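Remember, predicted model here, so these are calculated numbers, not experimental data. Counting convention: from 1, in listed order, for ligands and their atoms alike.
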Amino acid sequence: MSTKYILRYDKPADRTVKGWENESLPIGNGYQGASICGGIDCDRLYLNEESLWTGGPISENGVAQYKNNDFLGLTNRSGFTVKKESIDKARIQGLGDNNQKIVKTFIDEIVSDNRKALGAYQSFAILDLEFSHGGIANDYERQLNIESAIAKTHYRIDGTVYNREYIASYPKRVIEIKIDKKGKETLDFKLNIIIPHIECGEVTDDNRTKFGIDDYGKVIHSRTYKAGIFSLLGHLRQNGLRFALVVKVETDGTTSLQSDSIIINGANKAVIYLSMGTDYNNDYSKEYRTKADIISEVRNRVINASKQGYNEIYKEHIADYTAIFNKSRLCLFNGDTPKITTDRLIKAYPFTKYARYIEELYYNYGRYLLIASSRKNTLPANLQGVWNVHQLPPWSSDYHLNINLQMNYWTATRTNMSETFIPLIDFVEKRKEPGRIAAKTLFGIDCGSNGLAANIFGYVGVGDPWTLDAHGFPSWSQSCYAWLCHSVYEGYLYYGDETLLKERIYPLLCDCANFYSELLIFDKKTGRMVISPSYSAEHGPMYAGCTFEQDLVWQIFEDYLDASEILNDKSILRDKVCKLQKLLNPLVISKKTGRIKEWYNEDDIKIVGKEPFHRHISHLIGLFPCNHIKRDDELLIKSAKKTLKKRGNKGTGWSRAFKIGLNARLGDADKAYKNYRSLIAHCTHSNLWDSHPPFQIDGNFGGVAGVAEMLLGSEKGVIYPLPALPKAWRNGMVEGLNSYGGVIVDIEWHNNQPTRLRIHNRLNAEFVICFKDFSPQKILINKQETELCGNNLKFDKQSVEGDIEIVY
Ligand code: FUC
């Protein structure tokens with residue numbers, strides 16, 4: 001097994017929240033996660049299950065109950081359902097230029113600061129393995145091999161060597177720990193399951209009331225230990241969601257139970273099988289509960305796993321994981337793999353001879369994290385993937401829809417991991433019904449959705465917990481649904497699966513386009529159809545038709561029209577959307593500054609300047625990740641360059657990741673690289689988790705996608721190899737990048753020039769390969785010289801399968 005990409009450390013992670021965030025090593029099977037501290041006297045694993053959330057339908061006697069849909073977040077500060085008249089009022093006010101009026105309407109009638117409905121992703125349990133051999137050891141190492149998704153802890157005490165190996169198996173939905181030793185001492189340890197009730201993030205008085213934090217505790221119904229199996233059943237006090245955890249230990253030593261701890265004595269080896277579950281069901285019509293006997297479900301998983309045995313599960317796990325992970329490969333570094341620990345490598349970055357190695361490692365680590373937190377039938381990766389120690393995590397560890405969730409999936413498409421993408425489609429589909437209810441309530445429209453913060457219970461509300469930005473404006477966005485559906489459409493653009501398009505993606509595009517076609521209103525002053533009031537995430541005032549919201553609507557109309565043509569759907573919505581799209585006029589270059597305007601009326605009203613370096617650069621989403629601004633549109637590209645330059649290079653983790661992609665689309669290799677470098681150097685914990693700060697996983701995923709964009713660009717029917725290859729990456733190779741049309745491309749380069757492309761045109765797409773900055777003299781396809789030459793090479797479907805060699 002390859003050992004190139006191993007995160008290694010010579011000290012355990014601290015058993016504190018800080019230690020968890022900075023040093024623990026995450027494993028996950030999409031459903032469940034464990035963050036491993038790897039201690040000597042006490043090895044701690046923080047355990048998570050993706051559906052353990054407060055919020056949603058509230059509980060009465062432990063049973064989930066609907067109460068006027070208020071769990072969807074449609075109530076205002078007075079506790080009443082927001083009235084359509086209030087929204088109508090704000091929409092009309094948006095057409096004027098008195099922001100104070102809109103703010104007043106929002107605060108008095110629309111937004112809520114009741115955070116109970118949104119809830120928060122919860123820590124599940126702590127597993128402590130307490131060894132009786134003390135805490136002083138030699139040859140200590142803990143590691144995470146991201147090529148096999150296996151973590152290990154190793155040390156020696158006197159003559160005895162101790163090894164532990166940790167796996168999160170997706171096929172078995174179980175976490176396994178194998179413990180053994182070599183030497184004369186026996187293995188004697190205590191296994192404790194701790195259910196944290198009160199470990200909280202920032203519990204201020206404000207949060208206490210708004211989140212109802214005092215109700216957040218877990219109620220334990222039973223802990224049993226029968227036939228070597230420990231089972232725990234409980235529910236969350238706030239919403240009655242039931243949860244179960246089951247552990248089985250197999251060992252050649254003895255086992256017994258001593259006040260809730262399993263005691264293992266005199267062993268040479270032990271295997272722990274562990275699984276968790278809840279009675280959550282992602283279905284609005286079923287009150288988000290399965291009503292299943294979860295303890296039996298979870299127990300069966302553990303029993304099945306233990307029947308199969310560790311070695312078989314290990315093999316199955318490696319096959320399952322590598323089938324996805326090996327789809328893409330990046331080589332920038334060509335020396336020996338460093339022996340230095342990862343925390344030191346990160347600290348020394350970029351001033352180390354291993355800089356290229358770390359850049360490779362970061363790329364692969366992001367892909368590892370996505371496979372570990374998002375698989376078929378799981379929920380999508382949330383703000384922290386699937387890992388969390390808090391009761392009140394930052395931003396609830398929710399699904400933020402004004403960039404964060406979308407960013408999580410840029411990696412799935414661009415690095416060809418369709419297996420990790422499906423949860424995004426499921427999630428958007430499952431929000432259709434609550435979204436419709438919200439749209440009906442707020443706008444009187446019978447489809448579509450909105451909302452900025454989402455939970456797993458269909459929260460779609462305007463009462464986002466982060467209601468006011470730093471300048472007192474309500475954080476609200478009507479275009480999040482458009483962005484979500486565009487991200488879903490990217491699934492078709494990159495994987496090219498027409499059945500998926502027809503059966504699942506297109507119905508969402510229709511719903512979304514239909515919604516916006518009803519939502520837009522005519523602004524006489526500007527002659528445009530606009531979103532009103534609109535809000536450029538997450539700063540500035542609220543006026544009609546800011547670029548962010550207009551351009552997202554433009555994009556979703558474009559996607560819908562594109563897809564309807566592919567599927568030959570001649571519905572009347574097409575004509576309507578076609579006409580409306582022409583009246584959006586989203587991208588306007590300021591005559592004063594030459595930049596793309598963020599607000600349509602910014603030249604007339606002095607509204608720019610409050611946060612000129614704001615982390616969101618929402619007026620450039622048409623450049624990336626959307627594709628409204630084409631690479632050959634000189635005017636818009638020039639203006640976008642100015643816009644990005646003005647916004648500056650600083651930002652939170654995800655913001656720097658966003659800027660990699662934006663610069664890559666502009667062909668600015670060195671700026672793209674600078675952002676990648678600063679993402680790793682300034683926004684990365686020792687365990688390589690992205691730091692917003694605090695830990696937020698979108699930066700990891702956005703960083704990977706940014707690198708993919710630097711190495712391969714695509715628009716419809718055009719592939720751009722190496723659109724932004726930085727000088728620092730002189731020689732290298734990338735495999736398995738995905739482009740529009742499902743064309744998979746491998747590229748090699750030497751002295752910053754491409755030397756070879758390998759094309760896997762799985763779906764017989766026709767396309768042009770555009771070497772923007774390179775002029776090849778001779779092209780060989782499968783070693784045969786061709787007549788093709790020049791910068792734009794058009795390939796029909798016969799000529800594209802195989803190796804393309806480029807001679808300069
Ligand atoms: C958006 C960002 C914040 C943060 C939050 C989760 O609102 O503006 O920086 O990432 O999402």
Distance from atom 8 (O) of ligand 1 to nearest protein heavy atom, with residue and atom: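 For this ligand atom, the closest protein heavy atom is His616 NE2, 2.7 Å.
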
Of all the non-hydrogen atoms in the protein, which one sits nearest to atom 1 (C) of ligand 1, and at what distance?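 Looking at atom 1 (C) of ligand 1, the protein heavy atom closest to it is Glu538 OE2, 2.9 Å.
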
Just by distance, do the side chain of Thr441 and the backbone of Ile437 share a donor-acceptor pair under 3.5 Å?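 Indeed, once roles are kept as given, a pair shorter than 3.5 Å links the two residues.
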
Ligand 1 N/O within reach of Gln696 N/O, cut-off under 3.5 Å: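 In this structure, Gln696 places an N or O atom under 3.5 Å from an N or O of ligand 1.
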
Would you please indicate yes or no on a ring centroid separation below 6.0 angstrom for Trp395 and Tyr121?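 Distance test on ring centres: not under 6.0 Å, no.
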
Distance under 4.0 Å to a non-hydrogen atom of Arg615: what atoms of ligand 1 satisfy this?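 Checking each atom against Arg615, I get 2 (C), 3 (C), 8 (O), 9 (O).
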
I need the atoms of ligand 1 closer than 4.0 Å to a non-hydrogen atom of His692, numbered in the order shown.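 This gives 3 (C), 4 (C), 9 (O), 10 (O) as the contact atoms.
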
Does [X] come within less than 4.0 Å of [Y], counting only side-chain N to carboxylate O?
X      : Y      : answer
Glu109 : Lys104 : no
Lys18  : Glu23  : no
Arg436 : Glu433 : yes

Within reach of ligand 1, part of Leu383 (heavy-atom separation under 4.0 Å):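 The answer is the side chain.
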
For ligand 1, is any non-hydrogen atom under 4.0 Å from Asn404's backbone (N, CA, C, O), its side chain (CB onward), both, or neither?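 It is the side chain that touches ligand 1; the backbone stays farther off.
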
Please determine if Lys597 forms a cation-pi arrangement with Tyr600, meaning its NZ or CZ atom is less than 6.0 Å from the six-membered ring centre and no more than 45° off the ring axis.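 Yes, cation above the ring, under 6.0 Å and within 45°.
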
